[in-house]
Amino acid sequence: MHISSGRLSVSDKLEILDLSYNEWDENVPSVLELNTSRTALKKLDIRHNGWSFIPNEELGALRNIEYLLLDGNTLDENFLRSSGVMSSLKVLSVAGCNLNGTLPLQGLCDLKYLEEQSLSGNSFTRKLPTCLGNLTYLRVIDLTQNQFTGNIASSPLSSLLSLEYLLLANNNFEIPISFESFANHSKLKFVFADQNSVIGQTSSKSWIPKFHLEALSLSNCSQMPSFLHYQHHLRLLHLSKCNIGGDFPNWLLENNSRLGEVYLDGNAFAGSLQLPFLPNLKAFDISNNKIRGKLSPDIGSIFPNLVISTMSNNMLEGLLPSSFGDMKDLVYLDLSYNKLTRDLPIALAREGSKLYFLRLSNNMLKGEIFPVSANINNFQYLYLDGNNFFGPIPQKLSTAPLITLDLSYNKLSGNIPAWLGNISSLTYLALSRNHLKGHIPPDYCRLQGLEVLDLSENNLVGAIPSCFSSSLNLEHVYLSKNLLQGELHMFSNCSHLKLLDLGDNNFSGSIPKWLGSLEITTLLLKGNHLQGTIPTELCHASELRIMDLSHNNLSGPIPYCFGNIMQKAWEREVYAFSSSSFGYSGSQTFGGDAMIDVTLPSIFEHR
């Protein structure tokens with residue numbers, strides 16, 4: 001191989017050339033000069049180099065190529081039409097290559113030995129050409145994140161009996177819920193069809209699928225796919241936001257003992273849980289359903305290798321099983337918005353625990369938060385709001401590397417602890433709606449990363465420490481419904497401040513002019529003893545959307561510009577509503593030495 005004059009020459013004997021994932025500068029060739037009549041090149045991988053244009057004559061002349069991986073570069077729009085000359089091609093991946101329009105009837109369809117194909121992340125439209133049915137060796141097809149249309153039952157996909165991976169997510173396909181047109185696809189193992197239009201379909205006869213799926217991901221499907229009754233090898237099951245209804249499908253878990261990830265959130269499932277032993281289960285999401293009853297006290301041994309569990313927004317009741325503490329790999333647990341009662345199990349804070357995210361918000365838990373003997377050194381996100389915890393905030397929390405601490409809406413009492421200012425990692429602190437008293441500790445000014453401070457609806461007294469003016473990262477401050485007093489001279493240097501709620505206190509003096517220099521969106525100063533005029537400097541707060549200055553002792557004229565501010569706020573709301581969009585995140589790696597490595601979409605990649 002030789003690089004000169006911005007061109008790349010390849011040796012006659014070179015069979016594999018991998019230049020992927022680089023950051024070529026302008027002196028490195030963006031055009032491949034290949035002596036194609038003599039080259040033995042069989043695999044070319046130039047993925048994700050950001051090359052702006054690769055001409056067809058360079059790639060189309062690769063007559064002996066078998067693996068061609070071009071993702072993340074810009075191809076000639078006619079590349080697929082002229083690709084048919086690469087008659088030995090087995091793997092073709094052109095994901096994210098700025099291609100658009102309809103798939104050609106010639107070229108791509110002529111690659112009769114093609115086994116793996118990725119067209120994902122482009123802007124292809126309309127129906128798939130029927131000639132794709134000629135690709136009888138095709139095992140993997142990735143069409144995700146395009147704008148393809150048509151019913152897959154009548155598409156050429158239904159005739160490709162060699163398919164193992166069917167990746168269709170984020171298109172405009174019609175997906176028949178029965179999947180009957182794929183009944184004879186005995187090799188089919190992986191189906192990802194999220195974010196399409198799932199349509200109901202009544203089968204004319206009973207049928208048993210020949211396929212044995214290992215992974216199924218299908219959203220918005222409105223009913224349970226009947227073929228699932230015949231599946232016993234699933235490792236990943238993703239049926240989210242389908243609003244299926246009926247009892248929770250315990251049978252589905254019982255039939256598939258190899259399950260590793262289960263996502264059945266947003267389905268209006270009712271009934272109770274009868275969970276089978278699933279030793280491989282790592283992710284379990286049944287949130288946003290209507291599931292009742294108690295959790296098994298042995299759930300720790302039922303799911304011994306669980307890593308992430310979300311069961312929020314159900315009707316689960318009874319005790320919070322202490323056996324969650326037996327899950328040695330559990331890092332994320334969300335049981336918020338249920339009806340769990342009694343004390344917080346100390347086992348959740350056992351020695352050696354990996355649990356760093358715990359959300360138990362809006363249950364009926366009570367007692368102490370954590371006793372002195374608890375080990376909480378791993379907690380980073382702790383949400384215990386909306387329960388009945390009482391007593392002082394335990395100083396044991398000072399040893400945890402907390403990023404978020406929410407203890408609001410409880411019955412906590414005593415002085416607001418100054419030692420919270422020692423948790424330097426805190427970005428979110430919420431202690432509202434408790435019975436805390438005393439002065440706001442100046443120690444909190446040391447929390448330089450703090451973005452949200454909510455101490456509202458307590459019995460706090462005195463002035464706000466002036467050192468808060470140096471809290472440069474503060475964005476949201478809630479201090480309403482306390483007994484705070486003094487003049488409003490703090491927060492003047494908080495350039496990121498978006499929301500300031502100081503309502504229903506005993507603040508006095510005038511409204512500070514510096515508020516107009518902030519990009520503040522919400523200003524709530526009602527129910528105080530503020531005097532003087534409303535400063536015209538507030539007219540410069542161009543992002544202001546909500547302001548409440550009622551129930552004070554203000555006088556003088558209302559600044560003329562307030563009408564303009566409210567008009568701009570309205571226009572922003574209308575624009576935000578009209579331009580809203582929905583997206584999909586997921587990742588798949590395409591291409592390997594002998595076969596394509598497809599990484600299954602997983603919450604472990606995104607949380």
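Remember, predicted model here, so these are calculated numbers, not experimental data.
- Ion pair E475/K498 not flagged as a salt bridge, since none of the NZ, NE, NH1 or NH2 atoms sits closer than 4.0 Å to an Asp/Glu carboxylate oxygen.
- Applying the side-chain hydrogen bond (donor to acceptor under 3.5 Å, both in side chains) definition to pairs two or more places apart or across chains, those involving residues 336-349 are D334-S336, Y337-N362.
- S272 places no side-chain N or O within 3.5 Å of a backbone atom of R292 that could act as its donor or acceptor partner.
- Put simply, the side chain of N146 never gets that close to the backbone of N171: no donor and acceptor are under 3.5 Å apart.
- The shortest non-hydrogen separation linking N305 to K328 is OD1-NZ, 2.8 Å.
- The closest side-chain heavy-atom distance from Q195 to S219 is below 4.5 Å.
- Annotation for Q380: atom CD counts as buried by contact number, over 12 foreign heavy atoms lying within 6.0 Å.
- A donor-acceptor pair under 3.5 Å is absent between the side-chain atoms of N387 and the main chain of K366, judged by distance alone.
- Of all the heavy atoms in I286 and L273, the pair that sits closest is CD1-CD1, 3.8 Å.
- Within the 4.5 Å cutoff, the side chain of H48 has heavy atoms near those of the D71 side chain.
- Put simply, the side chain of Q485 does not reach to within 4.5 Å of the side chain of N505, judged on heavy atoms.
- Looking at heavy atoms from C-beta onward, M311 lies in side-chain contact with L295 at the 4.5 angstrom threshold.
- Environment of CG in L483: crowded, with over 12 heavy atoms of neighbouring residues, nucleotides or ligands closer than 6.0 Å.
- Using a distance-only test at 3.5 Å, with no hydrogens or angles considered, a donor-acceptor pair links the side chain of Q448 to the main chain of C445.
- Evaluation of the side-chain contact (heavy atoms from CB on, under 4.5 Å) rule for N98 yields T74 as partners, not counting sequence neighbours.
- Considering every non-hydrogen atom in both L253 and F248, the closest pair reads CD1-CE2, 4.0 Å.
- Between the side chain of D548 and the main chain of K526, no donor-acceptor pair closer than 3.5 Å is present.
- Between the side chain of D385 and the main chain of L407, no donor-acceptor pair closer than 3.5 Å is present.
- No side-chain N or O of N458 forms a donor-acceptor pair with one of K481 less than 3.5 Å apart.
- Side-chain contact check for Y356 versus I403: every heavy-atom pair is 4.5 Å or farther apart.
- Taking all atoms of both residues into account, the shortest heavy-atom contact from E351 to N375 is OE1-ND2, 2.6 Å.
- Residues N170 and T144 bring no donor and acceptor atom of their side chains to less than 3.5 Å of each other.
- S398 and N422 share no donor-acceptor pair across their side chains, judged by distance under 3.5 Å alone.
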